[in-house]
Engineer: 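Quick one: structure below, then a few questions.
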Amino acid sequence: RPALSVTDASAPTRTAPPPDLAPVAPALAPPAPVPAPDPAPTIPYVERVAGGAQAQDTLPLVVALHGLGDTPDSFIELVTSMNLRARVVAPRGLDPWGPGYSWFVSRREAAPEVWAAGIRRAADAVIPLIRTLRASRPTCGLPVVMGFSPGGMLSYAIVAREDAGVGAALPISGVIPRSLWPAERPIGGMLPSVWAFHGTVDDRVPFADDRATHAHFVRVGFPGRFREYPNVGHSITPAMARDVRETLVETLRSLGCAS
(Lines give C-alpha, C1' and ligand atoms only; values in the text may rest on other atoms or scores of the structure.)
Protein backbone atom coordinates (compact mmCIF):
# COMPACT_ATOMS: atom_id res chain seq x y z
CA ARG A 1 0.00 0.00 0.00
CA PRO A 2 1.47 3.46 -0.89
CA ALA A 3 2.96 5.35 2.06
CA LEU A 4 0.89 8.26 3.46
CA SER A 5 1.91 11.84 3.04
CA VAL A 6 3.01 13.33 6.42
CA THR A 7 2.64 17.07 7.04
CA ASP A 8 4.71 19.07 9.54
CA ALA A 9 4.21 22.76 10.10
CA SER A 10 7.96 23.36 10.25
CA ALA A 11 8.93 21.20 7.23
CA PRO A 12 7.87 20.99 3.58
CA THR A 13 5.53 18.24 2.50
CA ARG A 14 7.35 15.03 1.49
CA THR A 15 5.96 11.97 -0.22
CA ALA A 16 7.73 8.62 0.20
CA PRO A 17 8.41 6.83 -3.11
CA PRO A 18 6.49 3.68 -3.88
CA PRO A 19 8.45 0.66 -2.62
CA ASP A 20 8.45 -1.06 -6.05
CA LEU A 21 10.52 1.66 -7.75
CA ALA A 22 14.27 1.00 -7.77
CA PRO A 23 16.67 3.91 -7.41
CA VAL A 24 17.69 5.43 -10.73
CA ALA A 25 21.30 4.60 -11.58
CA PRO A 26 23.48 7.48 -12.65
CA ALA A 27 23.84 7.82 -16.43
CA LEU A 28 26.87 6.07 -17.86
CA ALA A 29 29.38 8.08 -19.81
CA PRO A 30 29.30 7.29 -23.55
CA PRO A 31 32.09 4.97 -24.68
CA ALA A 32 35.17 6.59 -26.07
CA PRO A 33 35.13 6.67 -29.88
CA VAL A 34 37.23 4.01 -31.59
CA PRO A 35 39.74 5.64 -33.92
CA ALA A 36 39.21 4.74 -37.57
CA PRO A 37 42.04 2.84 -39.24
CA ASP A 38 44.33 4.78 -41.49
CA PRO A 39 42.86 4.85 -45.01
CA ALA A 40 44.72 3.01 -47.71
CA PRO A 41 47.01 5.45 -49.47
CA THR A 42 46.33 6.54 -53.04
CA ILE A 43 49.01 5.09 -55.29
CA PRO A 44 50.61 6.81 -58.25
CA TYR A 45 51.11 4.49 -61.22
CA VAL A 46 52.47 4.29 -64.75
CA GLU A 47 50.15 3.03 -67.48
CA ARG A 48 51.03 1.88 -70.98
CA VAL A 49 49.45 -0.18 -73.74
CA ALA A 50 51.63 -2.70 -75.52
CA GLY A 51 51.62 -5.00 -78.53
CA GLY A 52 50.47 -2.31 -80.97
CA ALA A 53 47.22 -1.66 -79.07
CA GLN A 54 45.53 1.71 -78.61
CA ALA A 55 44.43 3.18 -75.28
CA GLN A 56 40.74 2.96 -76.26
CA ASP A 57 40.94 -0.75 -77.16
CA THR A 58 39.40 -3.42 -74.96
CA LEU A 59 42.47 -5.08 -73.47
CA PRO A 60 43.53 -7.44 -70.71
CA LEU A 61 44.83 -5.62 -67.64
CA VAL A 62 48.22 -6.66 -66.27
CA VAL A 63 49.28 -5.08 -62.96
CA ALA A 64 53.07 -5.18 -62.55
CA LEU A 65 54.48 -4.75 -59.03
CA HIS A 66 58.13 -3.74 -58.79
CA GLY A 67 60.76 -4.98 -56.36
CA LEU A 68 62.61 -3.28 -53.53
CA GLY A 69 64.22 0.02 -54.53
CA ASP A 70 62.85 -0.17 -58.07
CA THR A 71 60.46 2.21 -59.84
CA PRO A 72 57.29 1.70 -61.91
CA ASP A 73 58.95 3.23 -64.97
CA SER A 74 61.74 0.67 -64.80
CA PHE A 75 59.71 -2.43 -64.00
CA ILE A 76 56.99 -1.78 -66.55
CA GLU A 77 59.60 -2.22 -69.28
CA LEU A 78 59.88 -5.91 -68.38
CA VAL A 79 56.24 -6.45 -69.33
CA THR A 80 55.87 -4.05 -72.25
CA SER A 81 59.00 -5.52 -73.85
CA MET A 82 57.17 -8.86 -74.01
CA ASN A 83 55.08 -7.28 -76.76
CA LEU A 84 51.78 -8.63 -75.49
CA ARG A 85 48.61 -6.89 -76.60
CA ALA A 86 47.64 -5.66 -73.14
CA ARG A 87 47.22 -2.68 -70.87
CA VAL A 88 50.03 -2.68 -68.33
CA VAL A 89 49.85 -0.69 -65.10
CA ALA A 90 52.79 -0.43 -62.72
CA PRO A 91 51.85 1.09 -59.33
CA ARG A 92 54.47 2.80 -57.20
CA GLY A 93 55.57 1.39 -53.84
CA LEU A 94 54.20 3.11 -50.76
CA ASP A 95 57.46 4.37 -49.26
CA PRO A 96 60.68 5.86 -50.68
CA TRP A 97 63.65 3.49 -50.55
CA GLY A 98 67.04 4.31 -52.01
CA PRO A 99 66.67 5.35 -55.64
CA GLY A 100 63.18 3.91 -55.82
CA TYR A 101 60.37 2.69 -53.59
CA SER A 102 59.37 -0.05 -51.19
CA TRP A 103 56.02 -1.74 -50.63
CA PHE A 104 56.69 -2.75 -47.02
CA VAL A 105 59.47 -3.39 -44.56
CA SER A 106 61.77 -6.27 -45.45
CA ARG A 107 61.31 -9.59 -43.64
CA ARG A 108 64.99 -9.31 -42.68
CA GLU A 109 64.40 -6.01 -40.89
CA ALA A 110 61.21 -6.67 -38.94
CA ALA A 111 59.39 -9.20 -36.80
CA PRO A 112 57.13 -11.59 -38.76
CA GLU A 113 53.95 -9.86 -37.61
CA VAL A 114 55.27 -6.46 -38.71
CA TRP A 115 56.26 -7.86 -42.09
CA ALA A 116 52.79 -9.44 -42.50
CA ALA A 117 51.06 -6.19 -41.48
CA GLY A 118 53.07 -4.30 -44.09
CA ILE A 119 52.03 -6.74 -46.82
CA ARG A 120 48.38 -6.38 -45.77
CA ARG A 121 48.66 -2.58 -45.91
CA ALA A 122 50.11 -2.74 -49.41
CA ALA A 123 47.40 -5.15 -50.59
CA ASP A 124 44.74 -2.88 -49.08
CA ALA A 125 46.14 -0.06 -51.22
CA VAL A 126 46.58 -1.96 -54.49
CA ILE A 127 43.28 -3.88 -54.57
CA PRO A 128 41.08 -0.74 -54.80
CA LEU A 129 43.35 0.56 -57.56
CA ILE A 130 42.88 -2.68 -59.52
CA ARG A 131 39.11 -2.40 -59.14
CA THR A 132 39.12 1.23 -60.26
CA LEU A 133 41.27 0.53 -63.29
CA ARG A 134 39.14 -2.40 -64.39
CA ALA A 135 35.96 -0.35 -64.05
CA SER A 136 37.31 2.76 -65.78
CA ARG A 137 39.20 1.13 -68.67
CA PRO A 138 37.80 -1.09 -71.46
CA THR A 139 39.02 -4.37 -69.98
CA CYS A 140 38.93 -7.95 -71.24
CA GLY A 141 38.58 -10.60 -68.55
CA LEU A 142 39.83 -10.45 -64.99
CA PRO A 143 43.04 -8.56 -64.19
CA VAL A 144 46.34 -10.40 -63.82
CA VAL A 145 48.82 -9.38 -61.13
CA MET A 146 52.54 -10.11 -61.30
CA GLY A 147 55.66 -8.93 -59.53
CA PHE A 148 59.24 -9.56 -58.48
CA SER A 149 60.61 -10.01 -54.94
CA PRO A 150 58.38 -7.78 -52.70
CA GLY A 151 56.20 -7.36 -55.78
CA GLY A 152 55.97 -11.15 -55.99
CA MET A 153 55.07 -11.31 -52.31
CA LEU A 154 52.36 -8.73 -52.86
CA SER A 155 51.09 -10.70 -55.87
CA TYR A 156 50.63 -13.73 -53.62
CA ALA A 157 48.87 -11.64 -50.97
CA ILE A 158 46.48 -10.10 -53.48
CA VAL A 159 45.48 -13.32 -55.24
CA ALA A 160 44.87 -14.92 -51.82
CA ARG A 161 42.18 -12.33 -51.04
CA GLU A 162 38.61 -13.11 -52.02
CA ASP A 163 37.91 -9.40 -52.51
CA ALA A 164 40.77 -8.88 -54.98
CA GLY A 165 38.86 -9.81 -58.12
CA VAL A 166 41.90 -11.01 -60.08
CA GLY A 167 42.09 -13.94 -62.46
CA ALA A 168 45.71 -14.97 -61.94
CA ALA A 169 48.99 -14.13 -60.24
CA LEU A 170 52.57 -14.59 -61.43
CA PRO A 171 54.89 -14.13 -58.42
CA ILE A 172 58.60 -14.11 -59.27
CA SER A 173 60.92 -14.79 -56.32
CA GLY A 174 58.08 -14.21 -53.88
CA VAL A 175 56.79 -15.65 -50.61
CA ILE A 176 54.27 -14.67 -47.94
CA PRO A 177 54.08 -15.51 -44.22
CA ARG A 178 51.82 -18.36 -43.17
CA SER A 179 49.45 -15.90 -41.50
CA LEU A 180 48.52 -14.67 -45.01
CA TRP A 181 48.14 -18.09 -46.60
CA PRO A 182 44.58 -18.55 -47.92
CA ALA A 183 42.17 -20.94 -46.28
CA GLU A 184 40.43 -23.63 -48.27
CA ARG A 185 37.33 -22.17 -49.87
CA PRO A 186 33.97 -23.86 -50.41
CA ILE A 187 33.59 -25.56 -53.79
CA GLY A 188 31.46 -23.55 -56.18
CA GLY A 189 33.75 -21.36 -58.22
CA MET A 190 37.08 -21.54 -60.00
CA LEU A 191 39.90 -20.00 -58.01
CA PRO A 192 42.53 -17.77 -59.65
CA SER A 193 45.62 -19.49 -61.00
CA VAL A 194 49.04 -18.95 -59.43
CA TRP A 195 52.18 -19.39 -61.56
CA ALA A 196 55.40 -19.01 -59.56
CA PHE A 197 59.02 -18.66 -60.72
CA HIS A 198 62.09 -18.91 -58.48
CA GLY A 199 65.85 -19.48 -58.65
CA THR A 200 67.14 -22.33 -56.51
CA VAL A 201 70.09 -20.41 -55.04
CA ASP A 202 68.23 -17.21 -54.19
CA ASP A 203 69.98 -15.75 -51.12
CA ARG A 204 67.36 -13.06 -50.41
CA VAL A 205 64.03 -14.83 -50.71
CA PRO A 206 64.57 -18.50 -49.83
CA PHE A 207 63.61 -20.88 -52.60
CA ALA A 208 62.24 -23.49 -50.17
CA ASP A 209 59.92 -20.97 -48.51
CA ASP A 210 58.40 -20.00 -51.84
CA ARG A 211 57.96 -23.62 -52.86
CA ALA A 212 56.11 -24.28 -49.59
CA THR A 213 53.93 -21.20 -50.10
CA HIS A 214 52.95 -22.21 -53.62
CA ALA A 215 52.33 -25.81 -52.56
CA HIS A 216 49.82 -24.53 -50.01
CA PHE A 217 47.97 -22.51 -52.64
CA VAL A 218 47.68 -25.59 -54.83
CA ARG A 219 46.62 -27.72 -51.87
CA VAL A 220 43.64 -25.44 -51.09
CA GLY A 221 42.46 -25.29 -54.69
CA PHE A 222 44.40 -22.66 -56.63
CA PRO A 223 45.53 -24.12 -59.98
CA GLY A 224 49.02 -23.34 -61.19
CA ARG A 225 52.63 -24.42 -61.37
CA PHE A 226 55.91 -23.74 -59.58
CA ARG A 227 58.89 -23.36 -61.92
CA GLU A 228 62.39 -23.62 -60.51
CA TYR A 229 65.62 -22.40 -62.09
CA PRO A 230 68.78 -24.25 -61.04
CA ASN A 231 71.78 -22.12 -60.07
CA VAL A 232 69.81 -18.88 -60.43
CA GLY A 233 69.92 -16.35 -57.61
CA HIS A 234 67.72 -13.36 -56.86
CA SER A 235 67.19 -12.14 -60.39
CA ILE A 236 65.05 -12.47 -63.50
CA THR A 237 67.13 -14.24 -66.12
CA PRO A 238 66.30 -14.17 -69.85
CA ALA A 239 65.06 -17.77 -69.60
CA MET A 240 62.80 -16.86 -66.71
CA ALA A 241 61.47 -13.81 -68.58
CA ARG A 242 60.64 -16.01 -71.60
CA ASP A 243 58.74 -18.42 -69.36
CA VAL A 244 56.86 -15.55 -67.73
CA ARG A 245 55.85 -14.27 -71.17
CA GLU A 246 54.65 -17.71 -72.30
CA THR A 247 52.68 -18.09 -69.09
CA LEU A 248 51.10 -14.66 -69.53
CA VAL A 249 50.05 -15.59 -73.07
CA GLU A 250 48.44 -18.82 -71.83
CA THR A 251 46.82 -17.08 -68.88
CA LEU A 252 45.32 -14.26 -70.91
CA ARG A 253 43.99 -16.77 -73.42
CA SER A 254 42.37 -18.78 -70.61
CA LEU A 255 40.70 -15.58 -69.40
CA GLY A 256 39.17 -15.08 -72.85
CA CYS A 257 41.64 -12.50 -74.14
CA ALA A 258 43.75 -12.84 -77.27
CA SER A 259 47.33 -11.70 -76.77
Side-chain angles (χ1 to χ4, degrees), residues 39-57 59-106 118-139 142-159 161 164-176 195-197 204-205 234-238 240-241 244-245 247-248 251-252 259:
T42 302
I43 311 177
Y45 59 88
V46 175
E47 177 178 358
R48 295 181 190 166
V49 293
Q54 302 297 316
Q56 67 272 19
D57 294 343
L59 299 168
L61 175 62
V62 178
V63 179
L65 304 167
H66 65 75
L68 180 63
D70 201 357
T71 65
D73 297 273
S74 172
F75 192 65
I76 201 170
E77 294 293 338
L78 172 69
V79 187
T80 55
S81 66
M82 295 177 181
N83 202 33
L84 299 175
R85 185 176 168 82
R87 189 183 317 277
V88 185
V89 172
R92 195 183 76 185
L94 304 184
D95 304 301
W97 197 95
Y101 296 88
S102 169
W103 289 108
F104 41 80
V105 65
S106 166
I119 297 175
R120 285 194 201 96
R121 173 176 174 256
D124 286 343
V126 174
I127 289 173
L129 174 63
I130 295 174
R131 290 201 204 102
T132 298
L133 290 167
R134 186 188 179 203
S136 61
R137 309 291 193 275
T139 303
L142 293 172
V144 174
V145 61
M146 62 174 291
F148 172 65
S149 197
M153 300 174 192
L154 186 50
S155 298
Y156 267 128
I158 290 171
V159 77
R161 295 258 298 257
V166 299
L170 283 74
I172 308 167
S173 301
V175 68
I176 52 173
W195 310 93
F197 310 81
R204 297 188 186 180
V205 181
H234 193 69
S235 64
I236 302 176
T237 64
M240 193 181 294
V244 169
R245 184 191 188 282
T247 303
L248 272 174
T251 299
L252 297 180
S259 57

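Remember, it's a predicted structure, so these values are computed and weren't measured experimentally.
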Engineer: Going by salt bridge (Lys or Arg N to Asp or Glu O under 4.0 Å), name the pairs with one or both residues in residues 43-56, residues two or more places apart or in two chains.
Structural biologist: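 As it turns out, the salt bridge (Lys or Arg N to Asp or Glu O under 4.0 Å) pairs with a partner in residues 43-56, which skip direct neighbours, are Glu47-Arg87, Glu47-Arg137, Arg48-Glu77.
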
Engineer: With a 3.5 Å distance limit and no angle check, can you tell me whether Ser149 reaches the backbone of Gly151 through a side-chain donor-acceptor pair?
Structural biologist: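 It does not hold such a pair.
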
Engineer: Quick check: does any side chain N or O of Ser155 sit under 3.5 Å from a backbone N or O of Gly147, one acting as donor and the other as acceptor?
Structural biologist: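 Yes, because the side chain of Ser155 sits within donor-acceptor range (under 3.5 Å) of the backbone of Gly147.
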
Engineer: Is there side-chain contact between Phe148 and Leu78, with heavy atoms separated by less than 4.5 Å?
Structural biologist: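 They are not in contact (no side-chain heavy atoms under 4.5 Å apart), so the answer is no.
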
Engineer: For the residue pair Pro150 and Gly67, what are the closest heavy atoms and their distance?
Structural biologist: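 Between these two residues, the closest heavy atoms are CD-CA, 4.0 Å.
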
Engineer: Between Ile76 and Val46, which heavy-atom pair has the shortest distance, and what is it?
Structural biologist: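 Of all heavy-atom pairs spanning Ile76 and Val46, the closest is CD1-O, 3.7 Å.
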
Engineer: Is any side-chain heavy atom of Pro60 less than 4.5 Å from a side-chain heavy atom of Val144?
Structural biologist: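 Of all side-chain heavy-atom pairs linking Val144 with Pro60, none is under 4.5 Å.
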
Engineer: Side chains of Leu68 and Arg204, heavy atoms from C-beta outward: is any pair under 4.5 Å?
Structural biologist: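 Answer no - side chains too far apart.
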
Engineer: Please name the pair of heavy atoms, one in Gly167 and one in Leu142, separated by the smallest distance, quoted to 0.1 Å.
Structural biologist: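 Heavy atoms only, the tightest pair is N-CB, 3.5 Å.
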
Engineer: Does the side chain of Ser74 pick up a donor-acceptor pair with the side chain of His66 at under 3.5 Å?
Structural biologist: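 Short answer, no.
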
Engineer: Is any side-chain heavy atom of Asp57 closer than 4.5 Å to a side-chain heavy atom of Pro138?
Structural biologist: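 No - every pair of side-chain heavy atoms lies 4.5 Å or more apart.
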
Engineer: Going through the checks in order, is the side chain to side chain contact (heavy atoms under 4.5 Å, CB included) test met by Ile158 and Val63?
Structural biologist: CA-CA 11 Å; Ile158 290 171; Val63 179; over 6 Å; no

Engineer: First locate atom OH of Tyr45, then atom CG of Leu133, and finally report the distance between them rounded to the nearest 0.5 Å.
Structural biologist: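 It comes to 5.0 Å.
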
Engineer: Check whether any side-chain heavy atom of Gln54 lies under 4.5 Å from a side-chain heavy atom of Val49, and answer yes or no.
Structural biologist: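 Not touching, per the 4.5 Å side-chain cut-off.
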
Engineer: Of the non-hydrogen atoms in Met153 and Ile176, which two are nearest, and what is the gap between them?
Structural biologist: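 Taking Met153 first and Ile176 second, the nearest heavy atoms are O-CG2, 3.2 Å.
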
Engineer: At their closest point, which heavy atom of Gly69 faces which heavy atom of Pro99, and how far apart are they?
Structural biologist: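 Heavy atoms only, the tightest pair is O-CG, 3.9 Å.
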
Engineer: Once rounded to the nearest 0.5 Å, what's the spacing between atom CG of Leu84 and atom CG of Leu252?
Structural biologist: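 One finds 6.5 Å between CG of Leu84 and CG of Leu252.
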
Engineer: So, the side chain of Arg245 versus the backbone of Met82: is there a donor-acceptor pair under 3.5 Å, distance only?
Structural biologist: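 Yes, because the side chain of Arg245 sits within donor-acceptor range (under 3.5 Å) of the backbone of Met82.
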
Engineer: Would you please name every residue forming a side-chain hydrogen bond (donor to acceptor under 3.5 Å, both in side chains) with Arg161, sequence neighbours left out?
Structural biologist: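 Here the qualifying residues are Asp124, Asp163.
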
Engineer: Indicate the atoms forming the closest heavy-atom contact of Ala123 with Leu154, along with that distance.
Structural biologist: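 Of all heavy-atom pairs spanning Ala123 and Leu154, the closest is N-CD1, 3.5 Å.
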
Engineer: If you define the side chain from C-beta out and look only at heavy atoms, does anything of Phe197 sit under 4.5 Å from Leu170?
Structural biologist: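 Phe197 reaches Leu170 side chain to side chain.
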
Engineer: Any side-chain heavy-atom pair from Leu94 and Trp103 closer than 4.5 angstrom?
Structural biologist: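 When only atoms from C-beta onward are counted, Trp103 and Leu94 do touch, with a gap below 4.5 Å.
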
